[in-house]
Amino acid sequence: MTSGKPLKVAILWHMHQPMYREPFSDRLVLPWVRFHALKDYLDMPLLAAKYDSIRVTFNLVPSLLDQIELYGNGGTDPHLELSRIAAEDLSESQRRDLLETFFACPAATMIDPFERYRALHRKARDSYHQSILPRLFTAEELRDLQVWSNLVWIDPLFRDQEPIRSLFAKGHQFTEEEKHAMLDWQAGLMRQIVPTYQRLYRDGRIDVSFTPYYHPILPLVCDTDVAREAVPNITLPDVRFRHPEDAEKQIRMSQEKFESLFGAPMKGMWPSEGSVSTDVVAIAEKLGIEWMATDEEILANSWKKAGRDVPHNFQYRVHSAGSVRLFFRDHALSDRIGFVYSGWEAGRAVEDFISTLQRIRQSSEKELDRTIVPIILDGENAWEYFSNDGAEFLDELYRRLNDDPLIETVTMAEAARTLPAEPLPALFAGSWINHNFRIWIGHHEDNRAWNLLALTRDALASFEQANPGFDRERLATAWRQIYIAEGSDWCWWYGDDHRGANNAEFDAIYRRHLAAVFETLGIDVPAEIRIPIHRKTVSTLVLAPENHVTPIIDGRVTHFYEWSGAGSYDCRQAGTTMHRVERVIDRVHFAYDTELVH
């Protein structure tokens with residue numbers, strides 16, 4: 001016999017992209033804000049609001065909203081600029097850029113399902129004449145590529161709208177007029193995003209929270225030495241960065257933005273990358289933040305820090321640190337949505353998710369009045385790996401949650417307000433990734449980035465003190481560049497942890513923001529800021545494991561974080577100039593958990 005009481009489940013979708021906007025410009029250097037605006041930012045709240053009993057929290061990054069607004073007002077990016085050029089007028093270098101960048105999406109789900117896009121991809125990929133590749137494509141083929149590389153990012157929810165429906169139906173031999181009609185339609189869609197969140201929030205169909213404005217790792221902004229709590233032997237920057245006032249400013253700016261958009265106080269936040277520390281919670285309490293969230297590994301280590309055994313069902317409680325309520329995400333369930341279910345049939349994936357919730361409910365039968373299951377994950381990047389952008393999965397998930405009387409979805413704010421909170425004896429400083437900050441500090445590149453940030457910030461503070469009559473608007477512009485440079489995304493791409501096609505671009509943007517501080521003040525930019533931080537080679541061929549990892553051994557990288565925390569050997573950097581062989585294996589990963597070596 002069960003009590004009939006429902007298990008409360010709090011789902012939070014985190015919406016974030018880096019700050020791609022160039023200083024003093026309406027241009028974004030990469031197109032990912034626009035692509036995800038077409039594919040994720042509007043359909044996600046509309047799908048959640050489709051069912052009467054579903055309540056979901058959307059955590060938005062204010063700097064993301066600024067960039068969406070910029071697109072709605074005529075902002076651009078290199079991909080959009082290349083898309084707008086008439087195919088017949090493309091230079092050879094522009095043709096090469098187009099062929100190198102216009103297939104940047106998962107082929108299995110976003111290229112192969114569409115005959116024309118698939119054929120163009122295969123022609124570009126399989127050509128043995130890369131040196132003359134731009135001349136192998138006709139203007140008609142290039143125009144079709146311009147259209148398809150935009151078209152596939154449009155969410156299935158909007159593909160019945162014109163001119164999108166006609167373009168999908170036609171499939172090829174697009175005209176310049178049709179292409180430009182589609183590109184103009186994009187701006188109109190992006191202008192609907194913020195008003196939709198406002199309307200659904202006002203109607204009580206969704207809840208909204210904000211991350212600190214430019215997505216900083218708040219504990220490191222407060223004090224970079226906090227990284228030693230999780231990794232005592234970590235190598236830190238030469239200059240200790242310690243500016244809790246900046247962390248407070250980043251939260252205050254979000255509060256002001258939230259109130260201007262939604263006409264109500266900002267109640268809570270998913271701090272950037274789930275990063276927390278005692279200092280951060282104290283600032284949040286001072287500013288009236290009611291709730292914050294992070295990962296269950298932080299909670300487990302917090303109990304260990306207090307010298308206490310981890311209690312039963314520890315992650316399924318609302319904990320308190322002063323007046324701030326803390327939620328700890330169910331790591332496994334959240335990651336199943338983000339990284340595992342994309343390879344499953346939608347019905348099977350949803351059944352697995354619901355069955356897991358039912359087991360949690362059964363084990364918590366006597367404690368349902370104070371039990372909450374937080375499901376917190378990226379609300380955008382996972383869906384391109386699902387068929388049809390995850391539409392079937394999300395619709396079935398919401399339907400099952402809506403119709404199940406023993407499961408009740410609640411917002412984070414509602415749970416913080418209504419569920420009893422249990423005092424947390426201590427708080428471990430870390431992020432949702434391996435409960436530490438190694439992604440953002442400790443590597444030579446990361447540390448140099450922090451050193452340059454400290455140099456630039458100190459220069460600005462000294463200049464402001466020495467020039468009390470300096471133009472206040474220009475000073476505000478300079479400080480804004482500092483806050484942007486405090487964002488997490490720059491150091492995400494520094495170091496050996498993440499190597500991608502755009503590392504050099506991220507490096508250039510970061511240093512451009514630092515240079516903009518000096519340019520705004522009218523003083524010379526230090527030479528060290530001109531020198532790239534990113535190095536094209538890794539510092540070592542072998543990285544040692546730093547965490548327990550249990551991957552799925554199936555010959556594929558099932559999801560981005562499957563081997564996060566594992567050791568690796570970089571085969572791309574191995575070998576000598578004396579003998580170069582055809583490379584079959586790029587990288588060997590190795591890891592261990594409590595039972596096996598993988």
How many angstroms lie between [atom1] in [X] and [atom2] in [Y], if you round to the nearest 0.5 Å?
X      : Y      : atom1 : atom2 : value
Ile11  : Leu333 : CD1   : CG    : 10.0 Å
Leu157 : Asn388 : CG    : CG    : 10.5 Å
Trp492 : Glu273 : CH2   : CD    : 5.0 Å
Leu145 : Asn150 : CG    : CG    : 9.5 Å
His36  : Leu64  : NE2   : CG    : 10.0 Å
Arg159 : Leu167 : CZ    : CG    : 11.5 Å

What I'd like to find out is whether the side chain of [X] reaches to under 4.5 Å of the side chain of [Y], using heavy atoms alone.
X      : Y      : answer
Met269 : Leu218 : yes
Glu384 : Cys105 : no
Asp155 : Leu42  : no
Asp489 : Met19  : no
Val61  : His14  : yes
Lys123 : Leu120 : no
Leu7   : Leu406 : no
Leu60  : Phe258 : no

If we count only N and O atoms by modelled type, under 3.5 Å, do the side chains of [X] and [Y] hold a donor and an acceptor together?
X      : Y      : answer
Tyr117 : Asp144 : no
His215 : Ser63  : no
His498 : Asn503 : no
Asp295 : His331 : yes
Thr356 : Arg359 : yes

Check your understanding: What class does the angle between the rings of Phe393 and Phe386 fall in, given that below 30° is parallel, 30 to 60° is tilted and above 60° is perpendicular?
Key -> tilted

Check your understanding: Between Leu326, Thr418, Thr371, Leu419, which is the residue that forms a side chain to side chain contact (heavy atoms under 4.5 Å, CB included) with Val318?
Key -> Leu419

Looking at every heavy atom in both [X] and [Y], which two are closest together, and how far apart are they?
X      : Y      : value
Val340 : Trp344 : O-CD1, 3.7 Å
Trp185 : Pro163 : CD1-CD, 3.8 Å
Asp330 : Glu296 : CA-OE1, 3.3 Å
Ser53  : Thr409 : O-OG1, 3.2 Å
Pro405 : Asp403 : CD-O, 3.3 Å
Phe353 : Ile337 : CE1-CD1, 3.6 Å

**Study point:** Contacts of type salt bridge (charged side-chain N to carboxylate O under 4.0 Å, His left out), residue Lys267, not counting sequence neighbours
**Key:** none

Using a strict threshold of under 4.0 Å (side-chain N to carboxylate O), is an ion pair present between [Y] and [X]?
X      : Y      : value
Arg118 : Asp112 : no
Lys39  : Glu380 : no
Glu367 : Arg317 : yes
Glu229 : Lys305 : yes
Arg348 : Glu351 : no
Lys257 : Asp66  : yes
Arg417 : Glu414 : no
Arg400 : Asp404 : no

Practice item. Kindly indicate, with the supporting measurements, whether the criterion side-chain contact (heavy atoms from CB on, under 4.5 Å) is fulfilled by Arg55 and Val410. Key: CA-CA 5 Å; Arg55 294 294 179 268; Val410 297; 5.6 Å; no

Practice item. Quick one: do Asp389 and Asp40 satisfy side-chain contact (heavy atoms from CB on, under 4.5 Å)? Show the steps, please. Key: CA-CA 9 Å; Asp389 201 46; Asp40 302 305; 3.8 Å; yes

**Study point:** Residue from Tyr341, Phe35, Trp13 passing ring pair (Phe, Tyr, Trp, His ring centres under 6.0 Å) with Trp383
**Key:** Trp13

Check your understanding: When you measure from the side chain of Glu297 to the backbone N and O of Trp432, does any donor-acceptor pair fall under 3.5 Å?
Key -> no

Can you give each donor-acceptor pair under 3.5 Å made by side-chain atoms of residues 204-211, sequence neighbours left out, with the distance rounded to 0.1 Å?
| from | atom 1 | to | atom 2 | distance (Å) |
| --- | --- | --- | --- | --- |
| Arg205 | NH2 | Ala49 | O | 3.0 |
| Arg205 | NH2 | Tyr51 | O | 3.1 |
| Ser209 | OG | Asn59 | OD1 | 2.7 |
| Thr211 | OG1 | Asn59 | ND2 | 2.6 |
| Thr211 | OG1 | Trp270 | O | 2.7 |

Practice item. Evaluate side-chain contact (heavy atoms from CB on, under 4.5 Å) for Tyr316 paired with Ile372, printing each intermediate quantity in order. Key: CA-CA 5 Å; Tyr316 303 131; Ile372 181 77; 5.6 Å; no

Exercise for review: Under the side-chain contact (heavy atoms from CB on, under 4.5 Å) rule, what do Arg329 and Asp335 come out as? Steps first, then yes or no, please.
Suggested key: CA-CA 10 Å; Arg329 69 192 282 268; Asp335 284 0; 3.0 Å; yes

Revision key, fill the gap. By side chain to side chain donor-acceptor pair (under 3.5 Å), Trp153 pairs with (sequence neighbours left out) none

Exercise for review: Answer yes if the ring centres of Trp148 and Phe114 are under 6.0 angstrom apart, and no otherwise.
Suggested key: yes

